[in-house]
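The structure appears right after this line, and notes come after that.
FYI, side chains are in, hydrogens and waters are out, and symmetry mates aren't considered; it's all heavy atoms of this structure. Every chain is numbered from 1 and lettered A, B, ... according to where its sequence line falls, protein lines coming before strand lines.
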Protein chains: 2
Amino acid sequence: MAKPTPSLTVALLQAREAAMGFFRPLLNEHGLTEQQWRVIRILKEVPDHQLESRELAEIACILRPSLTGVLVRLEKTGYVKRWKPANDQRRLCVALTEAGHRLFDTMSGDMHQQYRRIKRQLGADNYKTLMTLLEQLQRVEP
Amino acid sequence: MAKPTPSLTVALLQAREAAMGFFRPLLNEHGLTEQQWRVIRILKEVPDHQLESRELAEIACILRPSLTGVLVRLEKTGYVKRWKPANDQRRLCVALTEAGHRLFDTMSGDMHQQYRRIKRQLGADNYKTLMTLLEQLQRVEP
DNA sequence: TTGAATTCATTAACATCTTAATGTACAAAA
DNA sequence: TTTTGTACATTAAGATGTTAATGAATTCAA
């Protein structure tokens with residue numbers, strides 16, 4: 001009689017919700033959506049703070065059609081710039097602007113503080129183990 | 001100079017995306033969205049296969065305004081039924097229909113098979129550890 | 001070199017997310 | 001009892017998720 005097993009994907013979602021509870025107020029203060037912040041954050045940690053939108057979509061877990069709109073709005077608020085590289089007009093490049101860098105730096109302190117609070121509640125060892133396992137899970141494929 | 005730390009919330013998202021890759025084809029075959037399946041799945045594992053929509057929203061990580069629409073569509077396709085309990089007309093109750101139970105049972109085998117494939121790639125011990133840590137993370141709060 | 005595949009971004013249409021605002025039903029205080 | 005407060009679901013509006021379709025640029029094969 002088909003019994004449900006505790007769901008991995010639901011557990012991941014609920015855990016993420018719990019974690020996002022620490023950051024959402026800060027994002028709201030700065031008028032950013034989760035996706036906009038992911039884009040800024042990912043661009044910040046990449047060489048040249050610049051990516052092709054295809055790669056950005058993959059890393060940020062934002063589908064291409066959604067990313068189109070996210071980038072339009074982020075450009076409108078001045079945090080990123082977009083352009084098509086001359087050698088391949090199909091592609092689209094994205095980079096952080098100066099304002100984007102400043103925004104990240106402004107929010108960075110509070111972000112770190114929230115991370116410390118999560119680590120304190122979960123335990124530093126548990127936190128490290130969890131990150132390792134998540135990286136392994138990221139690499140599974142059908 | 002504000003350096004980004006590997007992001008827990010992004011890691012959770014990417015890991016979930018990897019896991020969902022195993023299930024999305026199955027959901028599509030049956031014309032279900034992720035949220036619709038979460039509702040069915042959660043109702044299945046609850047006593048009486050029935051919940052107040054408030055609790056359901058919390059467990060399924062679906063905000064109340066979204067859940068309204070999800071339930072309307074799930075009722076339209078016949079997998080759940082909704083009603084207001086006589087003693088408190090503010091609340092809304094939801095339960096699986098017969099068709100809902102049959103759908104779950106039909107999909108259950110394939111779902112379990114995908115879980116086995118994920119476990120095989122991640123390792124049974126790792127899988128168990130991960131689930132435990134996710135449950136702990138779910139309980140952190142700001 | 002021409003024409004058929006391929007690779008991108010974007011648009012379209014519908015479902016869901018997110019916050020704020022509404023409205024109704026119940027509960028508690030005056 | 002009337003008033004005030006509270007707990008719900010729902011609506012509203014803009015942003016995003018999701019799949020399929022479109023269209024432009026590039027690549028590859030004939």
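- Counted within 6.0 Å of NZ on B/Lys84, heavy atoms from surrounding residues, nucleotides or ligands total more than 12; the atom is thus considered enclosed.
- Per the geometry, CD belonging to A/Glu52 stands 17 Å off P belonging to D/dA25, to the nearest Å.
- A/Val46 and B/Val10 are assigned to two separate hydrophobic clusters, defined by single-linkage of ILVMFWY side chains at heavy-atom distances under 4.5 Å.
- For the atom pair CG of B/Leu13 and CG of A/Leu12, the computed distance is 10.0 Å after rounding to the nearest 0.5 Å.
- Salt bridge present: A/Asp88 and A/Arg91 bring a charged side-chain N and a carboxylate O closer than 4.0 Å.
- A salt bridge between B/Lys119 and B/Asp125 is absent, with no side-chain N of the basic residue lying under 4.0 Å from a carboxylate O of the acidic one.
- One finds a side-chain N or O of B/Ser53 lying less than 4.0 angstrom from the OP1 or OP2 phosphate oxygen of D/dA9.
- Contact of the B/Glu52 side chain with the B/Leu92 side chain is not registered, since no non-hydrogen atoms from C-beta on lie closer than 4.5 Å.
- Following rounding to the nearest Å, A/Glu75 (CD) and C/dT10 (C1') show an atom-to-atom distance of 15 Å.
- With sequence neighbours excluded, the residues that form a side chain to side chain contact (heavy atoms under 4.5 Å, CB included) with A/Glu17 are A/Arg24, B/Cys61.
- For B/Thr68, a side-chain nitrogen or oxygen approaches OP1 or OP2 of D/dT10 to under 4.0 Å.
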query = Once each nucleotide of nucleotides 15-23 of chain D is scored for protein heavy atoms under 4.0 Å, what B/S/- sequence comes out, 5' to 3'?
reply = SSBBBB---
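- As rounded to whole Å, 13 Å separates atom P of C/dA9 from atom CD of A/Gln89.
- Among pairs with a residue in residues 49-102 of chain A, those fulfilling ring-ring contact (aromatic ring centres under 6.0 Å, His included) read A/His49-A/His101, at least two apart in sequence or across chains.
- In this structure, B/Arg54 atom CZ and D/dA9 atom C1' are separated by 12 Å, rounded to whole Å.
- In terms of the side chain to side chain contact (heavy atoms under 4.5 Å, CB included) criterion, residue partners of B/Asp110 (sequence neighbours excluded) are, by chain and number, B/Leu26, B/Gln113.
- Under 3.5 Å, the side chains of A/Arg38 and A/Gln35 contain no donor-acceptor pair of N or O atoms.
- Open room surrounds CD on B/Glu58; 12 or fewer heavy atoms of other groups in view lie less than 6.0 Å from it.
- Less than 4.0 Å separates DNA chain C from no heavy atom of any residue of residues 77-85 of chain B.
- In this entry the distance linking CG of A/Asn87 with C1' of C/dC8 reads 13 Å, nearest Å.
- In this entry the distance linking CZ of A/Arg91 with P of D/dA24 reads 19 Å, nearest Å.
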Give me the distances for all protein-to-nucleotides 1-5 of chain D N/O pairs that come in under 3.5 Å?
none

